[in-house]
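Quick caveat: nothing in here was measured; it's all calculated off a predicted structure. Numbered from 1 within each chain, the chains take letters A, B, ... in sequence-line order.
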2 protein chains.
Amino acid sequence: MAVANTAVKIPLEMPVVEKRVRNRAATEQAILDAAKRLLAEEGFQNFGINAVARGAGCDKQLIYRYYGGLNGLVEAIGTDLGSWVADRIPDDTGGMFLLTYGDLMERLSLLFLDALRADPLMRRIVAWEVSESSEQVRRLSEARSKALAGWIERMRGSLVPPKGVDAQAVNAMIFAAIQHIVLASAVSDQCAGLALKNNRDWEKAATALKRIVRGVYG
Amino acid sequence: MAVANTAVKIPLEMPVVEKRVRNRAATEQAILDAAKRLLAEEGFQNFGINAVARGAGCDKQLIYRYYGGLNGLVEAIGTDLGSWVADRIPDDTGGMFLLTYGDLMERLSLLFLDALRADPLMRRIVAWEVSESSEQVRRLSEARSKALAGWIERMRGSLVPPKGVDAQAVNAMIFAAIQHIVLASAVSDQCAGLALKNNRDWEKAATALKRIVRGVYG
DNA sequence: CTTGCTATTCACCGATCGGTGACAGATTGG
DNA sequence: CCAATCTGTCACCGATCGGTGAATAGCAAG
């Protein structure tokens, strides 16, 4: 093909364009950060290659190069999740003496409730978990539940549940309740007729939660 | 524009195409059915005009004409939801005498658990509710919670919760637990470490649920 | 049969999606 | 200095999305 006009465009006024430095590590981090931010703020619905690249301010090709596509990127998010949990939920008893299993579960429940309320990324992941059954989300889900189980185990210490109670099943119910109520509140400020807007509402929820725990474990 | 070649294609072998009768009412119903089927089977993720039209075997234009687009269609689904609930959850006490509020809540919890487990459409809607905050899903959500509240009210009869317990908050927790555990089981056969595959597993869940209810309401 | 009316289909639009191949500029090793 | 390598950009692909205007096919009354 004949070259007709190769006139180079020379901008008369040099735009002080941010000199994008060549730095793979920084770019990888920017991509990962953008992915987490996007997922936390927009949810999994419009979470895709194009959106992440846009958010990271780089070309989507780099996501393929550095993470092997969305799958790898999601996996990287999952890897982060461990420290994420450790950073956000206290690992000690807060100076309290947890004498009984009931004490423990009450504290765990309230801590988990507050932590989930404060963590949009976690919330989006939980919502994703119950909405889709792809390999991607399965990995994320595993990472999350593993981190959570580790936290619980560390907090449990040597306390054991009372005999005659299927603690695993009961606790699953309790944690399920917390997760659902927090998810519901995040999208509609209520759950099953219970308002969940101000702190007053959440006090009521926390009290109900305590009552349930104490009703089972004493 | 000059007509160059208007040769009409005449298929040599007449395909025995299903003679599509002209019947607006039937088409509307087919569209609504396809929408419910699609939502129940595929979830809200790929729920759109094109998919519904494909599922109903008609052109998407008809969805705009008859329902005014996806919004109207979703609203129609919501309208159906009332009878949907009434059809699937028993409205009487099943021959049992519910003497106490605890009896009532235990029965309601187990009925709701089974009903939700057996109803994929409801499950998808609940998952949708906690994943998105659009106007569409808000309408659906309202219809669902209204139907549910009505059912509970009918079942409640004259029973009143014990004094000293915030029944609204506690019940919200209980229903939240049921919803989340059923949603989780539908996508991953487990919830918070508790397996939820066979009937044995569900027995454990039901027992835990009863224990929680009895722990609060006696 | 002709003339409407209505149900239904068809063709096309612009936007966005995930994905890929080719290229440009900076860096580095010989 | 040149050549290879690495980082980053760009243009393009086919598919699908929601949405719309126009044409077509069947029915009913005149």
**Prompt:** Phosphate oxygens OP1/OP2 of dA7(C): is one of them under 4.0 Å from a side-chain N or O of R24(B)?
**Reply:** yes
**Prompt:** When the distance from CG of D59(B) to P of dT9(C) is rounded to whole Å, what number comes out?
**Reply:** 6 Å
**Message:** Test salt bridge (Lys or Arg N to Asp or Glu O under 4.0 Å) on K146(B) and E142(B); report intermediate values, then the result.
**Reply:** CA-CA 6 Å; K146(B) 202 172 141 192; E142(B) 238 167 65; over 6 Å; no
**Asked** Atom CD of E28(B) to atom P of dA7(C): distance rounded to whole Å?
**Response** 9 Å
**Fill in**
To the nearest angstrom, the CZ-P distance between R54(A) and dT9(D) comes to 15 Å
**Prompt:** Going by atom types alone, do D59(B) and Y64(B) pair a side-chain donor with an acceptor below 3.5 Å?
**Reply:** no
**Passing candidate, side chain to side chain contact (heavy atoms under 4.5 Å, CB included) with H180(B), options V130(A), I181(A), I178(A)** = V130(A)
**Asked** Below 4.0 angstrom, N of the basic side chain to O of the carboxylate: do R144(B) and E129(B) qualify?
**Response** yes
**Asked** Quick one: which of dT8(C), dG8(D), dC17(C) gets closest to the side chain of R22(B)?
**Response** dT8(C)
**Lys/Arg-Asp/Glu bridge criterion (N-O < 4.0 Å) met for E203(B), R200(B)** = no
**Residues within residues 40-51 of chain A bordering DNA chain C, heavy-atom distance below 4.0 Å** = G48(A), I49(A), N50(A)
**Request:** Give a yes or no on whether a salt bridge exists between R156(A) and E153(A), defined as a side-chain N under 4.0 angstrom from a carboxylate O.
**Result:** yes
**Fill in**
Between G55(B) and A34(B), the two heavy atoms sitting closest are C-CB, 3.7 Å
**Message:** I need the CG-P distance between N23(A) and dT9(D), as an integer number of Å.
**Reply:** 13 Å
**Stretch residues 60-73 of chain A: residues that reach within less than 4.0 Å of DNA chain C through a heavy atom** = K60(A), Q61(A), Y64(A)
**Item:** Side-chain N,O (T27(A)) to OP1/OP2 (dT7(D)) below 4.0 Å
**Value:** no
**Prompt:** For Q190(A) and S188(A), does a side-chain donor sit closer than 3.5 Å to a side-chain acceptor?
**Reply:** no
